[in-house]
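In what follows, every chain begins at residue 1, and chains take the letters A, B, ... in the order their sequences are listed.
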Amino acid sequence: MLNVSVNPITDQAVKLFHDGCLTLSEIEENGILIDLDYCKKQYKALTNKIRKLRKLISKEDVVKTWKRVYGKDFNINSNAQLAYIIFDYYKEPVIKETETGAPAVDKEVLHKLSKKYKFLKYLEKLRKLLKARDTYLKNIIEETSDKGLLHPIFNLHTVVTFRSSSSNPNFQNIPIRDPYVKRVIRRAFIPREGHTFGGIDYGGSEVKIACCYHKDPVMMKYLKGAGDMHRDVAADCYKTTPDMVSKDMRYCGKNKFTFPQFYGDYYRNCAVGLWEAIDDMDLKMTDGTPVKEHLKKEGITCLDDFIEHVRNVEDIFWNKRFKVYAQWKEQWLEDYWKNGYFDMYTGFRCQGVMGKNDVINYPVQGASFHCLLWSLIRLHAWMKENKLKSKIVGQIHDEIVLDMYIPEAKDILLKAKDIMVNEIVKEWKWIIVPLEVDAAFCPPGKSWADKETVFEYIGSKDEVTWSGWLKEYLDGGKVKC
DNA sequence: TCGTTCACGC
DNA sequence: GACGTACGTGAACGAA
């Protein structure tokens, strides 16, 4: 955002960033162990797959047309050429536009057209493989030292909200959602001998920090452990009762309505996302009834009906369910318009020209990261004091990433929990909701691709749970290290 | 060299 | 009543 500056205005804020800077430099120095042999083999394997896919594509009829149009300049990687062939030459109706008004050919568009054009199915796969090879594997290989260590950079001075960023390579956007790409890339990150690789993270960090600002009593009740917000909202979205909300429906309510709404999205976009998910994910209710069938009975038979319905859901969401949150947003905005700035709880002032959504989101995003940074500094200091073998090796906004010596696991996780949920609320009295921590690490001898939940702490229940391979290890079970 | 588009994360 | 996700890094293309 242009013309916006954020500056520390308290001694604590300055100290947080000084200490953060020093801590992050030591974390960078620690480095992450990389399985270079694997990387090189996988790089070659991907190259082979890419070559085969290119060959398959070259045999499709459309390529003859494409080559006739572009001659030797034919380029399968050119979005401009692809858009021309699909929307001008084949006269497909435009599905979505880019910012400049050109027809978009992103993965959503490709996927919709891939039923009709087989070469687009291949192209979807090709883009995925190219991304994995050229953005991730290539840089991991290039940046890894002779000792097999990777040292990503963590910056505190680049982001307008005073979050952090990472580069060379960016350690904060390693694939995790697509199961295939996740495995291909994360398999490269391995623990040191006798260690386990993984992370400890804050659960629902931004929702909780937002709640500290708006103090909405309904939200507060949810966060203190009464009821399930995402299930209740999903019930509204799909016009049913909470007990009929399946796991997939809850997921959609959370990721296609609630979070977008918190970030400032509006009902039309949300409705389209929720509607398309019904078919894409084959949504069914807990009794097995397909969601589409159910909506039909409720009188919703097309997208337009559904948009109208979601408009009503949005109204309930902000004007009934979370009305104090909505009032806070208005007041916070008004104060910004009057003063020309606002302050984060953590002592940073944001001033300059900001849009509505920026004013609401910046203080949450910034302060949320500052909680992680505060905890990171203390955990790192404690590990140094006690001369632990384990190393903190990175940070991903609300997660501390460690290469952890397995015999130290229990002490570290309990200490991290103590810092992240107990010590921090003593220093920052503005944190008025219980915090949550969970940890996921790979079993001995495995890689980051195999991380599994081993520890959870639910603040509202004041309850610690050990699970997975670590529970077996701690119980004296079969896990070998 | 730089703006645009795409794709990955929280 | 109109308007409307936030924050990043990095690759590739293609016009300047």
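Looking at residues two or more places apart in sequence or on another chain, you find no salt bridge (Lys or Arg N to Asp or Glu O under 4.0 Å) involving A:Arg268. A:Trp332 meets the ring pair (Phe, Tyr, Trp, His ring centres under 6.0 Å) test with A:Tyr213, A:Trp328, A:Phe342; sequence neighbours excluded. A:Tyr89 is linked by a ring pair (Phe, Tyr, Trp, His ring centres under 6.0 Å) to nothing, counting only residues two or more places apart in sequence or in another chain.
In this structure, A:Phe189 atom CZ and B:dG9 atom P are separated by 13 Å, rounded to whole Å. The CZ atom of A:Phe262 sits 19 Å away from the P atom of B:dC10 (whole-angstrom rounding). Rounding to whole angstrom units, OH of residue A:Tyr84 and P of C:dC13 are separated by 20 Å. Rounded to whole Å, the distance from CG on A:Leu137 to C1' on C:dG10 is 15 Å. Rounded to whole Å, the distance from CZ on A:Arg163 to C1' on C:dT9 is 13 Å. Atom CZ in A:Phe87 sits about 14 Å away from atom P in B:dT5, given to the nearest Å. Separating the CG atom of A:Asn139 from the C1' atom of C:dA12 is a distance of 14 Å, rounded to the nearest angstrom. Between A:Arg268 atom CZ and C:dT5 atom P there is a gap of 13 Å when expressed in whole angstrom units.
When only modelled atom types and interatomic distance are considered, A:Gln331 and A:Asp335 share a side-chain donor-acceptor pair under 3.5 Å. Using modelled atom types, one finds no donor on one side chain facing an acceptor on the other under 3.5 Å when comparing A:Ser447 with A:Arg186. When only modelled atom types and interatomic distance are considered, A:Gln172 and A:Ser164 share a side-chain donor-acceptor pair under 3.5 Å. Between the side chains of A:Ser467 and A:Thr453, not a single donor N or O lies within less than 3.5 Å of an accepting N or O.
Using a distance-only test at 3.5 Å, with no hydrogens or angles considered, no donor-acceptor pair links the side chain of A:Asp358 to the main chain of A:Met354. Distance alone, capped at 3.5 Å, is enough to place a donor-acceptor pair between the A:Ser58 side chain and the A:Lys55 backbone.
Side chain of A:Ala104, nearest nucleotide from C:dT5, B:dC6, B:dC10: B:dC6. Checked against C:dG8, C:dT5, C:dC13, the side chain of A:Val160 finds its nearest nucleotide in C:dG8. Set against B:dT4, C:dT5, B:dC6, the side chain of A:Thr100 has B:dT4 as its closest nucleotide.
Checking the phosphate oxygens (OP1, OP2) of C:dT5, a side-chain nitrogen or oxygen of A:Asn269 falls inside 4.0 Å. Residue A:Asn357 has no polar side-chain atom (N or O) positioned under 4.0 Å from OP1 or OP2 of C:dT5. OP1 or OP2 of B:dT5 lies within a sub-4.0 Å distance of a side-chain N or O belonging to A:Thr98. The side chain of A:Tyr362 places an N or O atom within less than 4.0 Å of a non-bridging phosphate oxygen (OP1 or OP2) of C:dC7.
The residue A:Ser164 sits apart from the nucleic acid: no heavy atom pair falls under 4.0 Å.
The aromatic rings of A:Phe317 and A:Phe262 are tilted relative to each other, their planes meeting at an angle between 30° and 60°.
Aromatic rings from A:His230 and A:Phe259 are positioned such that their centres are separated by under 6.0 Å. Aromatic ring centres of A:Tyr325 and A:Trp318: separated by under 6.0 Å.
Listed by first and then second residue, the salt bridge (charged side-chain N to carboxylate O under 4.0 Å, His left out) pairs that reach into residues 154-165 of chain A are A:Arg163-A:Glu206, sequence neighbours excluded. Sorted by first then second residue, the ring-ring contact (aromatic ring centres under 6.0 Å, His included) pairs that include residues 105-130 of chain A, not counting sequence neighbours, are A:Tyr90-A:Tyr117. Listed by first and then second residue, the salt bridge (charged side-chain N to carboxylate O under 4.0 Å, His left out) pairs involving residues 83-97 of chain A are A:Glu92-A:Lys116, A:Lys96-A:Asp106, A:Lys96-A:Glu108 (not counting sequence neighbours). Counting only residues at least two apart or in different chains, salt bridge (charged side-chain N to carboxylate O under 4.0 Å, His left out) contacts with residues 308-318 of chain A comprise A:Glu308-A:Arg311.
Distance check on atom C1': B:dG9 versus C:dT5 gives 16 Å, rounded to whole Å.
Of the residues in residues 105-130 of chain A, none has a non-hydrogen atom less than 4.0 angstrom from any atom of DNA chain C. Across residues 318-348 of chain A, not one residue has a non-hydrogen atom less than 4.0 Å from an atom of DNA chain B. Contacts with DNA chain C (heavy atom under 4.0 Å) in residues 166-188 of chain A: A:Ser166, A:Ser167, A:Asn168, A:Asn170, A:Asn173, listed by number.
Paired regions of DNA chain C, where each region holds three or more successive Watson-Crick or G-U pairs whose two hydrogen-bonding distances fall under 3.5 Å, are B:1-9 with C:7-15.
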Does the pair A:Phe17 and A:His370 meet the rule for a ring-ring contact (aromatic ring centres under 6.0 Å, His included), with working shown? CA-CA 9 Å; A:Phe17 267 44; A:His370 299 154; 5.5 Å; yes
I'd like a list of close polar pairs between nucleotides 14-16 of chain C and the protein, N/O only, cut-off under 3.5 Å.
from	atom 1	to	atom 2	distance (Å)
C:dG14	OP1	A:Ser78	OG	2.4

